[in-house]
Structures are given as C-alpha cells and as structure tokens.
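Report on the structure given below.
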Protein chains: 2
Amino acid sequence: MEIREIEIFLTLAEELHFGRTAERLHVSQARVSQAISRQERRIGVALFDRTSRRVSLTPVGRRLREDLQKALDLLRDGLARAEAAGLGAGQTLRLGVFGHAGYELRPLVDVFRTRYPGSDVQFNEITGGHPFTALRTGDNDVNVVWLPVAEPDLTVGPTVYVGGRVLAVSADHPLAERGTASLEDLADYHVVDLGPDAPEYWVASMVPTRTPSGRRIPRGPAARTFHEILSLVATGRCVHPLGEIAARYNSPPGIVFLPMPDAPDLHWALTWRSTADSAAIRALAQTAADLGPISLDRSSAAPVAG
Amino acid sequence: MEIREIEIFLTLAEELHFGRTAERLHVSQARVSQAISRQERRIGVALFDRTSRRVSLTPVGRRLREDLQKALDLLRDGLARAEAAGLGAGQTLRLGVFGHAGYELRPLVDVFRTRYPGSDVQFNEITGGHPFTALRTGDNDVNVVWLPVAEPDLTVGPTVYVGGRVLAVSADHPLAERGTASLEDLADYHVVDLGPDAPEYWVASMVPTRTPSGRRIPRGPAARTFHEILSLVATGRCVHPLGEIAARYNSPPGIVFLPMPDAPDLHWALTWRSTADSAAIRALAQTAADLGPISLDRSSAAPVAG
DNA sequence: TGACTTTACGGTTGCCGTAACGATT
DNA sequence: AATCGTTACGGCAACCGTAAAGTCA
C-alpha cells in the first residue's frame, strides 16, 4: 500500500471517473485502473462497481474512503508542520546566478525572507561555460538560467524573469554606430565559444548556430566567464549576445551593448537537481510561482554604480 | 513520502538505534540511514540527533512521530477493516495439492473456515510433472509442494507438514520382500523421469541424482501424474520415491510402498505467485503459520478405504 | 459506434543490498 | 579496537506510459 495509490483511490472516490482522475493526478488512465485493481486484489474485495459508463463506490469502498481520507490528512498535516518548523529554523539556499542577475531577484528574495523568516538566500556566481556544474557538485542548491534546460537529472521550476538580449561589441566595432543589432548580423562576425561543459542546445538558444536566413554563425575563440567574454569582445575579435541585464548594470570600458530587437525574449527559470529536492527549494519555487515572472522592461530597479 | 519510510522513521523513533531498527524491519542498516537522511532532506530539518554512540529525537522529530503514528494507525485500521469485510464476503481459494494430501490439511482448512466464515478452500490436484504450472496460469491460488522451491516469481510461505518418503515398487520387485528401502538402493534401478516442466533442483530434492555414496541414479521412462508413475512402477520397469502420504491413502494393485528410513524428511509448504498476493492468501498463510507444521507421524488421521 | 475501462508490454526510476569508509568511545 | 552510522555503487523490481483490446450504452 503506497501513498500514491491511496491518493489515486481517494481521487477516484471523489471523481467517480477514471479519465478525470488520471487528469487531476497527471498520470495515465491505465495507471489509475492498475492502481485500483491492485488495491482491490490485495484487500480482496471490490472497492468500486464499474461499467464503461458508471463508476460507483461499494459499501466497503465508502467506508475505506473515510478512513483513508482522515489518515492522509493527518499525515500531511504532520509533514507540513515539520516542514514549517524546518523553514523557520534557518536554512540558507545557495542560488547561482549570472553576474548581477541577483539584483533583479530582490522582489522574490524579499518575499521569500518575509514568508520564511528563518531562511535566507545567498547568491553565487555561475558562468556560461559551466551553467550546471555547481548544481551537480552540490555547491549550489538552485540556479537561475535561461531556458530551455533539458537535462535528465535537473528539474526546471518557475520562470523568474523574462527579458531580451543585447549584443556585446567593441566600442570601435562597425556595428556600434548603428545602435542596434539583429540576429542576421551574427553571421558576419565570430561569437565566443563557451566550451564543452555547456550543452550545445542550451548555448544555441542564446547564440544560434545559424541566422534566421540560414547563414552559419562562426564560433570564435573560447571563453568561460563574463569577464573573459568581455575581454575577447573588447579586442574586436568577436561579438557576443548576452541577457540584457548585462547591459543594465555594467559599463565596461571599450564595450558597447546593442539591443537586439528581433531576438525573441529569453525566459530565465529556477533549476535544481531533481534528487536534491527539499522543503526550502519547494518554498522558494512556490514563492516564485506566486510572484510570476518579472519583466525586465517593467522593472523599477534603479541602475547601480559599479 | 512512502509508507515504508514512515515505518522506518517510527521504528527508529522507538528503538533509537539504527542496527536494531534494521533488524526489526528486515532491511539493511544502510537502508535505514538512507531513508532517514532522505526524509530529513525533503522536510528540511533534522529529525534525529545522532553520533555513532547515541541517537535521539529532535523536538521536531518528536512531534512528527506523534502525528505519523496516529496517521499510520488510522490507515492500518481502515485497511484491516476493509480486508475483514472482504474475507467475510466469500472467496474461494483454489489450493493445489498432490493426490490426497488435502486430507492431511483438514486441520488447517477447518481453522481457516472458522476464522473466516465467508471464505473457503477448494482442492485442485497437481502433479509432479507440473508442480507450478497451475499457479502461473492462474488456475490455482496456492500450491502445497515439497521444498526447496527457488522460483523467482513464487513466494514460499509456511510449512504445513513434514514427513518422510516411501519407495513405490512393484509387488514382485526384489526389494519388496525387504520391507524397507534406502537411498542407496536407488542406483540399482531406474526412477521415473518427471519431464522438463519440473525444475531439476526440485525433482532432485525428492529423487537425488546420486546416492549418498556417489553412485548415479538412472532416470527411466517419463511420466507426469501419480497414476502414470504407478503404472510404470507396476510393470517393474522402475521404482520411484513419493511422499509417505501416498502410502497412507492408496493401496494400488501390484504396488508396494517401502519406507525409506534414511531419507531426510521433506517439508511441504504453501507457495503462491508473488504478484498474486491477496488478503485471502495472507489469511491462509497466517493461519498455517499459527498452527505450525503437521507432523505426519503424529497425525491422528484414520486410513481411508480406497 | 463511440466513450470508457482493462490488458499487454517495454523503458526507466528509485529501492535496497553489499561493501567500504568514517566517526566516536 | 570495537561499535555504529554513512557513503558508493550496482542489480532488479515496480511504477508508469503507450498502444491495443475489450465492454457497455
């Protein structure tokens, strides 16, 4: 007898419909049927009368429903209480972000701290060259990265902000005078190669391998960190797209950030190791989901002097 | 959160010792450690303070223990009530036995029927040639077979009786005059071949492949059923060991059953498909365990006329 | 015939055991 | 040094999804 099977039983007892039960629990219809059959075999008595048209509880099922509902409520209350105690006891989540992105997360962090006074968030810097490494080594609990993320060992949580891209070019670059850049421009120059530790598909969602018209975008010299990238760009040997947040809080010498109006917005989401799921992470994710994504355009954040 | 983990938590809360907890639950010590760690991570707070010398509940753990204990009790009560309703509702277990072995099971069946008035047992005959087939096809719910049984898909339950062996020989066989037979005698004659559907190791536990002194015991003509075996034996072409129960209720013409004092006793146990576990089967197994094995020697059963 | 449930089958997750390691008295 | 808890790793059972079959109105 597993908790999951009890949930399925209770939901079916409420819905009296296998399809709707499956939908509500986000499982297949077959799974509901299997779970109920199995329970009935183990217990040795029919819990539901069913045809392909009607599902109804047997007397035994009705009684079992009452008992199990009470037990499950008790169980969840107990766990919730323990969790609340834990969140009040002072845990610090280590949150990986690119550059100054943490600054944009202030609303989220403020609400999180208010809701869970014992808990806190500490920002660690992550880099394009190693977007997930710190998660996997256990050095970070949660990272904020642009989507899509399709790593089998990672869970993608709510999106925390949405924003556009800018192209970093050297101040004396031919594009600098135009004031904006387009995806099509990328094919004319080299972009930074983030190296083998960043998944290909993930890099490509920031820096496509081809322009919209199909021209190849050449990958140039390699760099891992924000400042390594800027160093390369400053020499004029390459250009590189970044989240617009990079332009908001940085004015590096010899670099110009050009808006890229034709590049679709990027979604930045909380991400964590699936097996490292914990109460604090769930609490942060829930808080982020409640707040919804912050749009960088509407952000009221004031620029900060470096 | 799984039921099993809750059990582990509650047991450890009681024992305050990882090793004893593991023993009580029949799992490894590592498993207990893993389960507790995992729960603590998910909940986000330590439930036990522990060194390698002392284990004690934290305040949060103490509170959780009370809640979970109540929830688990409720859950088990509900399931027990539903199960009891099922057992009272009238199920018939199909019990596979060799020949007249069902007769020896009367004490078990009587107690079972008394305890669970709605349930019943029906005997189906099984044969040495196909000891497990009916279980696997679903034609029988439980079989009574001699041990050892080492089939990955089958569960071996309590032993229901213990008894010796007899050797079936034709009435004019040289051994008949002696009145007894020994394992060593088998090498001098052929024994029946039960065919490919009975596992080799299982057949060998009734009919060894070699005598104690190491001589090979030749396998003779093939037969599947009790009466096929007796037919072969009656012709004098082979001999064959059987459970002594065969001698008790049969006096087939032209056949003599010789006790085999040097053959170790056989244990006969309830066996069922692991995946077909059900309340009725558990009830029967529990009843059998409570009664303990019936010794055929001390059996008060009166011989029955063929 | 169409809506709904059940059965069959295969992939993948995660439970759990074995074994080695670490920590405390 | 002995006892006890933790970590690492691998095998395998069970969960669950897909797809097809079965059943009732």
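All chains are named by letter (A, B, ...) in the order of the sequence lines, taking the proteins before the strands, and each is independently numbered beginning at 1.
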Round to a whole Å and report the spacing from [atom1] of [X] to [atom2] of [N].
X	N	atom1	atom2	answer
B/R4	D/dA13	CZ	C1'	15 Å
B/D49	D/dT6	CG	C1'	16 Å
B/L12	D/dT6	CG	C1'	14 Å
A/E7	D/dC15	CD	P	14 Å

(request) Not counting sequence neighbours, which residues clear salt bridge (Lys or Arg N to Asp or Glu O under 4.0 Å) with B/D277? List them please. (result) A/R42, B/R282
(message) Among residues at least two apart in sequence or on other chains, which ones pass salt bridge (Lys or Arg N to Asp or Glu O under 4.0 Å) with B/R224?
(response) none
(request) Indicate, with a heavy-atom threshold strictly under 4.0 Å, whether A/R50 touches base, sugar-phosphate, or nothing. (result) sugar-phosphate
(message) What contact category does A/V32 fall into here, base, sugar-phosphate, or nothing, at under 4.0 angstrom with non-hydrogen atoms?
(response) nothing
(message) Run the ring-ring contact (aromatic ring centres under 6.0 Å, His included) test against A/F18 and tell me which residues pass, sequence neighbours left out.
(response) none
(message) Which residues pass the ring-ring contact (aromatic ring centres under 6.0 Å, His included) test with B/F123, not counting sequence neighbours?
(response) none
(message) Test: ring-ring contact (aromatic ring centres under 6.0 Å, His included). Region: residues 74-94 of chain B. Which pairs qualify, not counting sequence neighbours?
(response) none
(request) Using five base pairs at each end, measure the axis-to-axis angle across the helix from C/dT1-D/dA25 to C/dT25-D/dA1 and round it to 10 degrees. (result) 30°
(request) List in chain and number order the residues that pass side chain to side chain donor-acceptor pair (under 3.5 Å) with A/N140, two or more places apart in sequence or in another chain; answer none if no residue qualifies. (result) A/N124, A/N143
(message) Which residues pass the side chain to side chain donor-acceptor pair (under 3.5 Å) test with A/S274, not counting sequence neighbours?
(response) A/T155
(request) Verify the contact: side-chain N or O of A/R38 to OP1 or OP2 of D/dC15, cut-off strictly under 4.0 Å; return yes or no. (result) yes
(request) Could I get the full list of side chain to side chain contact (heavy atoms under 4.5 Å, CB included) partners for B/A13, not counting sequence neighbours? (result) B/F48, B/L57, B/R65
(message) Filter on side-chain hydrogen bond (donor to acceptor under 3.5 Å, both in side chains), then keep only pairs touching residues 67-81 of chain A, sequence neighbours left out; what's left?
(response) A/E7-A/R76, A/D67-B/R81, A/Q69-A/D73, A/R81-B/D67
(request) For nucleotides 17-25 of chain D, just jot down a letter per nucleotide in 5' to 3' order: B, S or -, based on protein non-hydrogen atoms under 4.0 Å. (result) BBB---BBS
(message) If you apply the rule side chain to side chain contact (heavy atoms under 4.5 Å, CB included), what do you find for B/F112 with B/L93, and how did you get there?
(response) CA-CA 11 Å; B/F112 180 69; B/L93 279 178; 4.1 Å; yes
(message) Using a 4.0 Å cut-off to any heavy atom of chain B, which nucleotides of DNA chain C are the first and last in contact, reading 5' to 3'?
(response) C/dC15 to C/dT25
(message) Both B/S33 and B/P152 contact DNA chain D. Which one's nearest nucleotide lies toward the 5' end?
(response) B/S33
(request) Answer yes or no: is there a side-chain heavy-atom contact under 4.5 Å between A/E14 and A/R24? (result) yes
